[in-house]
Amino acid sequence: MYVSPIREPLIKGGKDYSQVTKDIMAPMAGKPSIYWYVGIAISGGALLFGAWATFVTVYYGIGSWGLNKTIGWAWDITNFVWWVGIGHAGTFISAILLLFRQKWRTSINRSAEAMTLIAIACAGFFPLIHMGRIVLGFFIFPYPNTRELWVNFNSPLLWDVFALTTYFLVSLIFWYVGLIPDIGTVRDKAKNKIRKAIYGFLSFGWTGSAKHWSRHETVSLILAGLAAPLVLSVHTIVSFDFATSVIPGWHTTIFPPYFVSGAVFSGFAMVLTLLIVTRKALNLEQYITKVHIESMTKIIILTGSIVGIAYITEFFMAWYSGVEYEQYAFMNRAFGPYAWAYWIMMTCNVITPQLFWFKKIRTNLVAVFIISIFVNIGMWFERFVIIVTSLHRDYLPSSWTMYTPTMAEVGLYVGTFGLFFTLFMVFIRVFPVIAIAEVKSVLKSSSDEKKHTHHE
Amino acid sequence: MNKYLTAYYLDEEDLLKGLKKIMSKGVEVSDVLTPFPVHGLDKVLGLRRSRLSVVAFAGGAIGATLGFLFQAWVFTRAYPINFGGKPYFAVPSFMPVTFELAVLFAAFSMVFAFLISNNLGPGSKNIIHDEQITDDRFLLVVKMDEENEERIKVVENILSDAGAQGITLKA
Amino acid sequence: MENKYFKSLEELSIDITRETSEKPAGDKQFILEMQQEVKKMTSGTRRDFLKAFGFTIASAAIATSCEQPVRKAIPFLIQPEGIIPGKANYYASSFFDGIDYGSVLVKVRDGRPIKIEGNTLSSITKGGTNARAQASVLSLYDNERHKFPVFDGQETTWEQADEKIISQLNSIKVKQGKVVLLSPTVISPSTKAAIDEFVAAYPGTEHIQYDVLSASGMLKANEKTYGKAFIPSYRFEKAEMIVSFDADFLGTWLSPVEYTKQYIKNRKLTSGQGRMSRHIHFEGAMSLTGSNADHRVQLKPSQQKLVVANLLNVLRGKMGMDAAFLPASPVEVEKLADELMQCKGKSLVVSGSNDAEEQMLVNAVNHLLESYGTTILTDVHTKIRQADDARMDALVQEMNDGKVDGIIIFDVNPAYDYPEREKFIEGLKKVGLSVAMPVLDDETSYHVKFICPDHHYLEAWNDFEPMTGYYSLAQPAIRPIFKTRAAQESLLRWSGNSADFRTYMAGVWEQKMFTKATAEISFTDFWNKKVHDGVFETGEKESGINSFNGDNAFAALNSIKVESSEDSTDLVLYTNVSVGSGKHANNPWLQELPDPVSKACWGNYVAISPRLAIELNLKNEELISVNGSPALPVLIQPGQEYKTIAVALGYGREKAGVPANGVGQNLFGLIGKDAENKKYWLSDVNISTTGGKHPIAITQSHHSMEGRAIIRETTLEAYLENPQSGNEVRLEIKEHLKSMYPKAEFDGLHWGMAIDLNACTGCNACVVACSAENNVPVVGKEQVIMAREMHWIRIDRYYKGDPDNPEILRQPVMCQHCDNAPCENVCPVAATTHSNEGLNQMAYNRCIGTRYCNNNCPYKVRRFNFFDYTGADTMKGNRYDPAEMTTDLRRMVLNPDVTVRAKGVIEKCSFCVQRIQEKKLKAKTENRMLRDGEVVPACAQACPAEAIVFGNLNDKESMVSKYFADQRNYHLLEELHVLPSVGYLTKVKNKTV
Amino acid sequence: MEKLTFKLTKKTITVFVVMIAIGLIALLYGVFGGPGPERVAANLLLNNYYFLSLGLIGLFFVTVHAISESAWHTSVGRIGEAMAAFIPVGGALILLFFVLGGLHAVFEWTHEDHLDAILLKKTPYLNEPFFYIRSVLFIGVWAVMAHYIRKVSLQVDHNGDIKYFNRLRTLSAVFIVFYALSSVVTSWDWLMSIDAHWFSTLYGWYVFSSMLASGVAMIIIVLYILKRMGYMEHVNVEHLHDLGKYLFGFSIFWAYLWYSQYMLIWYANIPEETVYFYERHKNFEGIFYVNLILGFLIPFFALMTRKSKRTFSVLIPVSVIVIIAHWVDLYLLIMPGAVGGEKSGIGLLEVGLTIGFIGLFLLVTFWTLTKAPLASKKHPLYKESLDYHTNY
């Protein structure tokens, strides 16, 4: 396949296939570095904090949070939506970029998808823990029971159950199907018998047969085709949690696409945050190059701008609607007691990503890293603003209240960070962080070495 | 008892060229094992397009139908409940679950079909001809009749003519 | 006209009474069993008692929650007559706590009183109740009740106590010493007889009455103008013009329930009379009544007398009498005088002051306006305030001088609420024999030798004469829970009379009341009938009232001086509608009841005007001290007169029990004294900051409607021109109400509720009634601060206009039972759904607590159980019970018909679905249709203002349908098309814009 | 030899001119015949908006693929550019329409005596001077940018210098940012404000998705016509597959936004929003569902397989259906508010006028196609665009 010379190489360092295998598997081999131990200790500590907060929440009740009669959701659902959003990048990269034939996805899709799965797990924790009666949480499943009572299919929360479950499972098999050939590689490279047996089991008996590859490609493609609308549907349904309601600031029709775009926005930011560190730590700079990072920053500009337009649209429409409740809700966002949250959101989500229009900033890793963290913060505040500032002052001023989080809520959030990083660090030790086979498949067309020698 | 003659290339373009050569000489290549999907290989080997998409469609259709009918049954037949004055047959409300189940069924039916058709799965014991094929070797496998040693020789020659390396005969 | 609307309501209550309480509670066999059980107990601790109690009564009902561990429930072997498990009995009784009077019905389920309702047979309270009467059932189960007689801090038996007391009394008698019987105003004829008997037995005895909230000034004023110390009876319903000088007659002044009933007759417009009384209110602090006035004038208490005097002077001038030369009035009274003149004979001027001179001036004003005989009756006396403040002061001095040898303290707590309580306690130490007869633990009990606990009123027989010719009875609704004895019986016992009080009382009635009866021939019939009805009204009148003598008043008028300088800061000491004088401070329902004006609960605070707060640089919750009082937090109260600050009395209890102790500060010590009467205000007070902050628990923190059409209002003038006025927006909204799907049809019943905002005064009776009926948990101060109160019905209060002198608008809000309920849609587990009768129902067992419904409720009426407030959960750590509401004793008040909610579930108003169900079943067994007005939710039943109407919307003839058809009717947030089943009638004020 | 230069035959021109004539006749019929001025005005707005939007989508396609450096689109890029040539024509027409009374005929808010409390509150935005300022500004900028983008694109082809390629990318980015805002605002101004009380935050994107799907359909149709004439040989089945995927994807995307907007309004059932669908359910029920079938169900099922996306015999009918579907969509957006349930209908006027606009649109498009080579051979990605295959 011909690749135009104007395109920058995706893989640097003049790698051959064997080198690719070696490089990518390097982080799995040998003893972990001291940084890995430090990292796992810190995230393990965060996880313990989360465990404590979970205990407090279950043992003492939701009363240990800062919620009140007016504000029924705050950090819990903010965190939920935030993590779900982050969980969008992986599948977006694997599915939609695959459909759009973006080759740069091959270096990042594996880790991004792993991140997705972990993020979904973190996200899923919050709807569970936020229940007043978590032990009866199984009521949300439509199982046959003696009362012949089913669930309420009108409820967006119920849709969430289906959407999240489906999304997690489909992402999982999508990820695993992509992982099978690489597990085969790990298996074949394993020196140790136990390791060989384990990876042999996990590789499902992968042989690399042309027929298998052919079907594998078809499966990947169709899974991508299925996952693409699935990705959209998940955050769409999450947005329905708010948009179906009658609360000003929640009920607005733009939410579905705006949430999806916000999710991709935050997801890519998190991928950037993670990969900028990971590529350095694992010596993968030649695989995850500045081209990859630039491409991701471009997606961030795109989605960030969509989000920005949505903010403006919402604000304008609130005025245009002539509905006093809508108007108040938005004025309250911008100038009310939680204005600081709103302006953090605006700054982080609308202004800072626009810096990516400048190539200098796009290619400056430190700048990208900082901005990616800004976006993470901004997107957290977006959900906080939507949830808390809409709820705390809705229709009847008599019920207006304020919200302050408690240590338990902070603990739960930090705890999911602990879970996230712990699992991610386990992941980099256990599976190849880059899709080896996929990188090899684009190596010829997209590496710097081959570029000059390749002839039509 | 069959024997396998294997040989490998280190570059997919060489493989494709060699393969064309080998096959033109009437050698039936039973399989090609590669570290990544090589474009054009299925054409050379004459592989049919996979029909997994049909499975996916069927799975999706079943998932969607089941999902929709189940919700409709619950709301209109099994236990009709007035929720906020919404109609019992609340089609817009049924869409998300219908969609999710369609995707879930489609994805899972297809992946299972994929695993089954490839004889892949936890603990599956497929023959691994060469551990390097998951690294940088493009291995071709020719199934040989054990008795017919002459033929083996002939094929070996054809293979080496086509630039294949490491020609070995395996049980 | 008015009666027509509520005729059915009366019928209902009569129905209940007649049918279920043919017999007084003491079924003999039942009582015998009880007594045997109780006898078996070696030591009568509460716990032991409860075991027995639980077995005998078979209170399976406590185990209402599904998560409650199963407890043994043994069915009746022989069913006691009159008790049907699961069916409530109602007994007529009377509530009088020395402050408020109310004729009530007691709802008894399986032997336990669980609810108080108003008695519609009483022509005083007419079925109305106030918050305290509603809450009084909980004090029956107060954890801090005295459970046995005590001598010197040790438990003793009644026999031993009696023996010792009698011997000491006798020795006092022998040395001709002095015994004092200290009580609040006694309005019980039989008690009075018992006291007389006691006095006869011990001739050195003096009976002294001591009122915490005194009307001593009025008594003295009437003595001077009418020759007798009495309090007249008022007829607010006859007044077209009401002027009140700081008399909070809808909230705390004298007989608020009675006055509310009268007041709203001229305030409601639902019968189409197109007329309303005009109510002008002068006050410094912000009271419930003031906030309901058509026109409220801010006036410092120290200037009040001057204004009254000026009013009198102007009126005199207008009537051609010679006017006195007076200092100028700080507020304009000319116009007021004109208005009053126009309503001559149909006006009423009242003053809440305890100053005899001011009351004389008021009498003179009323006399000039010819109010006597029409709006004020001198021949029917309100008897609930009889105490002379000076007498009590003298007693305390006597005690300190060692002139008192014995004191029997009956139902008063001067060690807490006497202004010079230290002096009282000192004096008490010098009294040889000190006996207290309290019901609940109190401060005074800690300083006496004998504690001879009285029954709670629901355990006791009693009778009352709150007004001339209006008698009422109280009967036990439960056998005494503890080893208590009626105070009257104690007095009788010590006087050597061994009769039990019931017998004694019957004797008194046979002698004194039966003679006045006209209908009944035998005393037994008479007695049974009166016990059943609870009331006996003879229509007798007082005699010996002189005609008006204006000399003293005129003298007072002439001697009027300016009492305080312009820049004096005045302090008002008031009582609120919840804990009142502090007697009910240990009642968690009342502690958690938000003040109708400030919406604060769980403690008192210094209310300060916004201007003064800026001037003194004070912020909310900052601690300050007034004249060296204990430090209290500041609450900036719009509407407060610029230089007037106000503090509620009744807080700062020390020995009342867990919910009350340490809540707020006791400011009784600041009560002043004029010549002879207590003075509930001070001028020239000194405010000093003490540093630090103390949180105030407030249930509403935003006070403006933000221009939203939430409470719609208009003026009478505009209303008469266009009944839709103030509600015009509704037409527009209705025009736009389009739906994507057809309205749900309710073919049988479709419940709806209408609330007349013009009638609602905001008194909070409904809130307590709802809590009692529906087992609404008490969450405590911390949780209220976190905005987690659980009330199913709340009264929203908004300020409107100038923040220094705003108008107040109120609106009771409960679940609106929307037919297009946003909450129902979003519950994932179908825990909240719509019934085929239009009820928005909650299946608590199904709820998993996502709180999604609450988020999506535009009215925010859903409440989440953040902790296990009720003891209904199994996980120990979940328990959160700062008010000790989950003790076995307190839990006896739970209504077995209503599920007790566990931690983590949402709850909300159910339109009292249990009552609906009860009446439906009744109608079904009687094979008839439900009658309109038959089903009455707790809030509607409690409301003294008859502001709430409930019924079937499908019945076009029902009262609620008529309200809904009224042009004043609107639905809250109707523009959202959630189709609420609650309607509101616009508030109409009789004022010119 | 590839035919790189497109020549418009007399026959083709005649067809287009006849179509335009039909449109004019229909217009005259509308004005002087039955349907009346309201309906004429509404139809003019519909078609003006529709074809102006198709032109803009053409430009959008060119620019979006320029900034994404996608190779395959270079092969069909000229079609988008040619469609964009309609922008000045369509823009002029719609402005003319507004000036010549269309504004008053269609928009209730221009009648000062019709303003109620809510509309009065909106006058800072909904007033004629500001409306014209916005319209002129947007149309002007579009036209100017279309012109420059075309110019730079031709320079890329003439010159092949990477400089022009980069310049095209920059210009494209500017256009996309501007278009993202202006397409939303114009959809509010020209369509949503017909139902002046009603509002929906999603509206702008919904209309955009509708135009996007029909724009792709139009590109496919133009491509087909060119192929039938023997041009565009460099466009192979892989490119067609990509276009097919777009058509499939955007139809789903449109349905997704349709569902999001409908479901949310249906669910919350707040009158200020439901009034919109209430009217459409009441008087336009049949066409309401027809719209969904044409715009979603048919393309969804027809284009699901790989094969159907690669064959004109499926793609062309589907493209035509999609174009009709979004015409119907616009009909549903405009008519209930502008004409009302009783007076509106689809008759000679609607069909004729639309044919006229199609004729005009195609005439402008094809005439522009004659102006430059059909393949941009010196485009840095041209070569890459020829050598790829889509698996899916």
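First the proteins, then the strands, lettered A, B, ... as listed; each starts at 1.
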Parallel, tilted or perpendicular: rings of [Y] and [X] (30°, 60°):
X	Y	value
B:Phe36	A:Tyr17	tilted
A:Trp213	A:Trp206	perpendicular
A:Phe204	A:Tyr176	tilted

With sequence neighbours left out, the residues meeting ring pair (Phe, Tyr, Trp, His ring centres under 6.0 Å) with A:Tyr167 are A:His88
Which atoms of [X] come close to chain B, meaning under 4.5 Å heavy atom to heavy atom: side chain ones, backbone ones, both, or neither?
X	value
A:Leu149	both
A:Ile237	side chain
A:Val219	both
A:Val161	neither
A:Leu230	both

Quick one: do A:Thr116 and A:Trp175 satisfy side chain to side chain contact (heavy atoms under 4.5 Å, CB included)? Show the steps, please. CA-CA 10 Å; A:Thr116 289; A:Trp175 181 66; over 6 Å; no
Any sub-3.5 Å donor-acceptor pair from [X]'s side-chain atoms to [Y]'s backbone N or O?
X	Y	value
B:Asp11	B:Tyr9	no
A:Ser245	A:Asp241	no
B:Gln71	B:Phe94	yes

Given the options [options], which has more heavy-atom pairs under 4.5 Å with chain A than any of the others?
options	value
B:Leu140, B:Val55, B:Thr34, B:Leu10	B:Thr34
B:Val74, B:Asn119, B:Leu139	B:Val74
B:Ser93, B:Ala107, B:Ala113, B:Gly67	B:Ser93
B:Leu41, B:Asn126, B:Leu101, B:Asp130	B:Asn126

Could you look at [X] and say if it's the side chain, the backbone, both or neither that has a heavy atom under 4.5 Å from chain A?
X	value
B:Ile81	side chain
B:Phe112	neither
B:Ala106	both
B:Lys125	neither
B:Asp31	side chain
B:Gln132	side chain
B:Ile133	side chain

For each of [options], tally heavy-atom pairs with chain B at distances under 4.5 Å, and name the one with the top tally.
options	value
A:Trp150, A:Phe153, A:Phe201	A:Phe153
A:Ala437, A:Ser209, A:Pro229	A:Ser209
A:Gly225, A:Gly200, A:Gly184	A:Gly184
A:Lys189, A:Met25, A:Glu438	A:Lys189

Taking atom types as modelled, is there a side-chain donor on A:Gln19 or A:Asp23 under 3.5 Å from an acceptor on the other?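 Checked: A:Gln19/A:Asp23 side chains pair up, N/O donor to acceptor below 3.5 Å.
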Nearest 0.5 Å, please: how far is CG in A:Leu98 from OG1 in A:Thr91? 12.0 Å
Considering residues at least two apart in sequence or located in another chain, which fulfil the side-chain contact (heavy atoms from CB on, under 4.5 Å) criterion with A:Ser214?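 Partners of A:Ser214 by the side-chain contact (heavy atoms from CB on, under 4.5 Å) criterion, ordered by chain and then number, come out as B:Asp42, B:Leu47.
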Please tell me if the side chains of B:Met110 and B:Leu52 come closer than 4.5 Å, counting only heavy atoms from C-beta onward.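 Contact flag for B:Met110/B:Leu52 side chains = yes.
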